[in-house]
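A quick write-up on the structure given underneath.
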Amino acid sequence: MNAPINPPRVRGACPGALVPMAVADGLLVRLRIPGGRLPGPTAAAICGLAERHGNGLVDLSQRANLQIRGVTEAALPALTDALRELGLVNGDPAAERVRNVLCSPTCGLDPACAPVRALAQALDAALADSPDLWAALPAKFSFVLNGGGQAPLADTVADIRFDALPGTGLFRVAVGGDQTGATPLGVCAADAVVDTALTLARAYVRLSNGRYRRLAALVAAEGTAGLAGHVPLTPTPADISLPGLRLERVLGAHAGWMGLAFPFGGMSIQWLALVAHMTPALRLTPWRAVLLEGGGSDLVELFQPTGLFILAPEDPRLALSACSGRGACDSGLTDARGDALALARVAPRLLARGHIHVSACAKGCAHPASALVTLTARGHQAYDVGLLAPAGGAAQWRGVTPARATSLVAALEAVYTHRMRADEDPAAFITRLGGPAELATLVEATVVA
Ligand code: SF4
């Protein structure tokens, strides 16, 4: 019987600039940027602060927030003062906690994207001015304002979302999901977005009465009638068609911006300072990428040889997730990101159609769902390896070294390459060949051979 996997430690749910989270490399200070537009000089100033008061690492979260890492208790007051001078800190930590508003990063750059940034800034300000919601809303309660166009916020989950209906000036209002999965409530005009968002948030607080941690759970249990009665919406048209997200329309050179992603969303201040000086402003995205306003093909040519950035959607590093790992999180047992990059080098075909996740403990912060392959650390330099499973879930191999895990994934790549049917994705392939246990036998034979 194997020993239980190292259990994750539970900490505060949602850090901010005024309530940082303590992790292994110090305090993590999360900055919410209303509207997601960060002027180049402000980005450069944040780099200077991260160097002076942190450990030189800056993360981009999956909610498009910037995170300064490695801050000491002693340095925190000076950092907070400096951030306040930059206009990046709210007056009250409880207000900061509920300002989880995301809008389309291409607003103002893509003519087909509805003008949602001003609405997002207005909603952010309204939440900061609504003390009744500060403690009542769950920490991760979130809003999305999707302007559509070339790079819609289609795959970003929110409790309350507004999806622009192209060419109408109207928004579909939906709750509890991404663009496809959210439950539609109706349609509102742009000038009703902020009031509708606040009204629905308050209705959730009242109807939930502490029983449901997210709006999707309330809707699943009780339907939408209680919510819809609070807001004057017109019915959702039956024939609306909202486009999905395609990363080739985000990354690389486009009219108006250049999109670049950082592996795992982590960047050094040197990288951020480099791009901050090349653009009037950065747009922060939830896709582990930033957009450089006005960037063009000349910047792509400049950055491509460095290998530091991801400039094309076929880059296998985009299909990897890994948490910050040992050294950056005190639950971390392994160098998750370093081990994940080793996998990228041996599994290009698997990563072209599937997702590989490396987690430095069983919590699986970077990707809570199942992945094609998941490595879960169970000790120093030891992983459990599971197919079609989440972090901490079923595993076909227990306690293998990172090198052995890389060999297993390389063998899976070989088996898939030689036995796949035309256009068969790896998950379907595993299922066709009998499931994870059968595949494990084949992979073992390939490693030995
Ligand atoms: S999954 Fe990674 S980041 Fe999350 S608690 Fe575990 S070690 Fe830390």
Q) So, do Val193 and Leu145 sit near enough that their side-chain heavy atoms are less than 4.5 Å apart? A) yes

Q) Of all residues at least two apart in sequence or in a different chain, which pass the side chain to side chain contact (heavy atoms under 4.5 Å, CB included) check with Leu308? A) Trp271, Thr306

Q) Can you list the steps and then say if Gln67 with Leu31 is a side-chain contact (heavy atoms from CB on, under 4.5 Å)? A) CA-CA 6 Å; Gln67 303 181 151; Leu31 305 178; over 6 Å; no

Q) Between the side chains of Thr376 and Tyr383, is a donor N or O closer than 3.5 angstrom to an acceptor N or O? A) no

**Q.** Gap separating the OG atom of Ser324 from the CG atom of Leu57, nearest 0.5 angstrom
**A.** 10.0 Å

Q.
With a 4.5 Å cut-off on side-chain heavy atoms, are Asn100 and Lys140 touching?
A. no

Q | Heavy-atom closest contact (Asp339 atom, Pro402 atom, distance) | A | OD1-CB, 3.7 Å

Q. For Thr156, which residues count as a side chain to side chain contact (heavy atoms under 4.5 Å, CB included) partner, sequence neighbours excluded?
A. Arg63, Leu102, Val144, Leu153, Pro286, Trp287

**Q.** Chi angles and distances behind the side-chain contact (heavy atoms from CB on, under 4.5 Å) call for Met278, Leu299
**A.** CA-CA 9 Å; Met278 292 182 167; Leu299 286 185; 3.8 Å; yes

Can you give the donor-acceptor pairs under 3.5 Å from side chains of residues 179-188 to other protein atoms, not counting sequence neighbours?
unit_1 : atom_1 : unit_2 : atom_2 : d
Gln179 : OE1    : Asn146 : ND2    : 3.0
Gln179 : NE2    : Leu242 : O      : 3.3
Gln179 : NE2    : Pro243 : O      : 2.9

Q.
Please report the interatomic distance CG(Leu170) to CG(Leu233), rounded to the nearest 0.5 Å.
A. 11.0 Å

Q: Examine distances only and state if a side-chain atom of Arg97 and a backbone atom of Leu137 form a donor-acceptor pair shorter than 3.5 Å.
A: yes

Q) Just wondering, do Phe264 and Arg317 contact through their side chains at under 4.5 Å, heavy atoms? A) no

**Q.** Residue of the set His355, Arg288, Gln62, Arg337 for which side-chain hydrogen bond (donor to acceptor under 3.5 Å, both in side chains) holds with Ser321
**A.** His355

Q) Of the non-hydrogen atoms in Pro280 and Pro41, which two are nearest, and what is the gap between them? A) O-CD, 4.2 Å

Q) Under the ring-ring contact (aromatic ring centres under 6.0 Å, His included) test, which residues partner Phe141, sequence neighbours left out? A) Phe143, Tyr204

**Q.** Residues that His357 engages under ring-ring contact (aromatic ring centres under 6.0 Å, His included), provided they are two or more places apart
**A.** His367

Q) Is Val89 close to Leu18 at the side-chain level, that is, under 4.5 Å between some pair of heavy atoms? A) yes

Q | Test item: Trp134 side-chain N/O and Pro93 main-chain N/O as donor-acceptor pair under 3.5 Å | A | no

Q | Side chain Thr168, main chain Leu165, donor-acceptor under 3.5 Å | A | yes

Q: Give every residue pair that meets the salt bridge (Lys or Arg N to Asp or Glu O under 4.0 Å) criterion with at least one member in residues 110-123, sequence neighbours excluded.
A: none

Q. Can you name the side chain to side chain contact (heavy atoms under 4.5 Å, CB included) partners of Ala44, sequence neighbours left out?
A. Ala276, His277

(Q) Please tell me whether Arg202 and His230 have a donor and an acceptor in their side chains that are separated by less than 3.5 angstrom. (A) no

**Q.** By salt bridge (charged side-chain N to carboxylate O under 4.0 Å, His left out) - contacts of Arg84 (at least two apart)
**A.** Asp81

Q.
Taking salt bridge (Lys or Arg N to Asp or Glu O under 4.0 Å) as the cut-off, I'd like each qualifying pair that reaches into residues 247-264, sequence neighbours left out, listed once.
A. Arg246-Glu248

**Q.** Spacing of Leu198 atom CG and Leu127 atom CG [to the nearest 0.5 Å]
**A.** 5.5 Å

(Q) Check whether Thr196 reaches the backbone of Ala192 with its side chain - one donor and one acceptor, N or O, closer than 3.5 Å. (A) yes

**Q.** Heavy-atom donor-acceptor pair, Thr374 side chain to Ala389 backbone, under 3.5 Å
**A.** yes

Q.
Distance check, rounded to the nearest 0.5 Å: Leu251 atom CG versus Leu260 atom CG?
A. 8.0 Å

(Q) If you apply the rule salt bridge (Lys or Arg N to Asp or Glu O under 4.0 Å), what do you find for Arg326 with Asp335, and how did you get there? (A) CA-CA 5 Å; Arg326 182 159 52 91; Asp335 174 15; over 6 Å; no

**Q.** Greater than 12 external heavy atoms within 6.0 Å of Glu51's CD
**A.** no

Q: Determine yes or no for a side-chain-to-main-chain donor-acceptor pair under 3.5 angstrom, with Ser104 supplying the side chain and Thr106 the backbone.
A: no

Q. Any idea which heavy atoms bring Pro20 and Val29 closest together, and the distance?
A. CB-CG2, 3.9 Å

Q | Asn209 side chain reached by Leu207 side chain, heavy atoms, under 4.5 Å | A | no

Q.
Quick check against the 3.5 Å criterion: does Arg32 have a side-chain atom that pairs as donor or acceptor with the backbone of Glu96?
A. yes

Q.
Which heavy atom of Ile310 sits nearest to which heavy atom of Phe262, and what is that distance?
A. CD1-C, 4.4 Å

Q. Less than 4.5 Å apart, any side-chain heavy atom of Ile356 and any of Val409?
A. yes

Q) Hey, does Leu291 have a side-chain heavy atom less than 4.5 Å from the side chain of Leu282? A) no

Q | N/O donor-acceptor pair under 3.5 Å between Thr224 side chain and Ala228 backbone | A | no

Q: Can you tell me which residue pairs pass the salt bridge (Lys or Arg N to Asp or Glu O under 4.0 Å) test with a partner in residues 277-286, sequence neighbours excluded?
A: Arg283-Glu293

Q: Start with the C-alpha distance between Met258 and Val300, add both sets of side-chain angles, then the distance that settles side-chain contact (heavy atoms from CB on, under 4.5 Å), and finish with yes or no.
A: CA-CA 8 Å; Met258 190 191 78; Val300 173; 3.5 Å; yes

Q: Kindly write out the residues that satisfy salt bridge (charged side-chain N to carboxylate O under 4.0 Å, His left out) with Asp159, not counting sequence neighbours, or none if the list is empty.
A: Arg214

Q.
Pairing donors with acceptors under 3.5 angstrom, does anything connect the side chains of Thr72 and His53?
A. no

Q. Are Thr42 and Leu88 close enough that some pair of their side-chain heavy atoms sits under 4.5 Å apart?
A. yes

**Q.** Distance-minimising heavy-atom pair for Ser142 and Ala158
**A.** OG-CA, 3.4 Å

**Q.** Set of side chain to side chain contact (heavy atoms under 4.5 Å, CB included) partners for Ala190, sequence neighbours left out
**A.** Leu119, Phe171

Q: Calculate, to the nearest 0.5 Å, the distance between atoms CZ and CG belonging to Arg378 and Asp384 respectively.
A: 4.0 Å

Q: Answer yes or no: is there a donor N or O on one side and an acceptor on the other, between the side chain of Arg37 and the main chain of Ile33, under 3.5 Å?
A: no

Q: Kindly compute the distance separating CG (Leu215) from CG (Leu200), expressed to the nearest 0.5 Å.
A: 7.5 Å

Q.
Give me the atom names and distance for the closest heavy-atom approach of Ala43 to Leu38.
A. CB-CD2, 3.8 Å

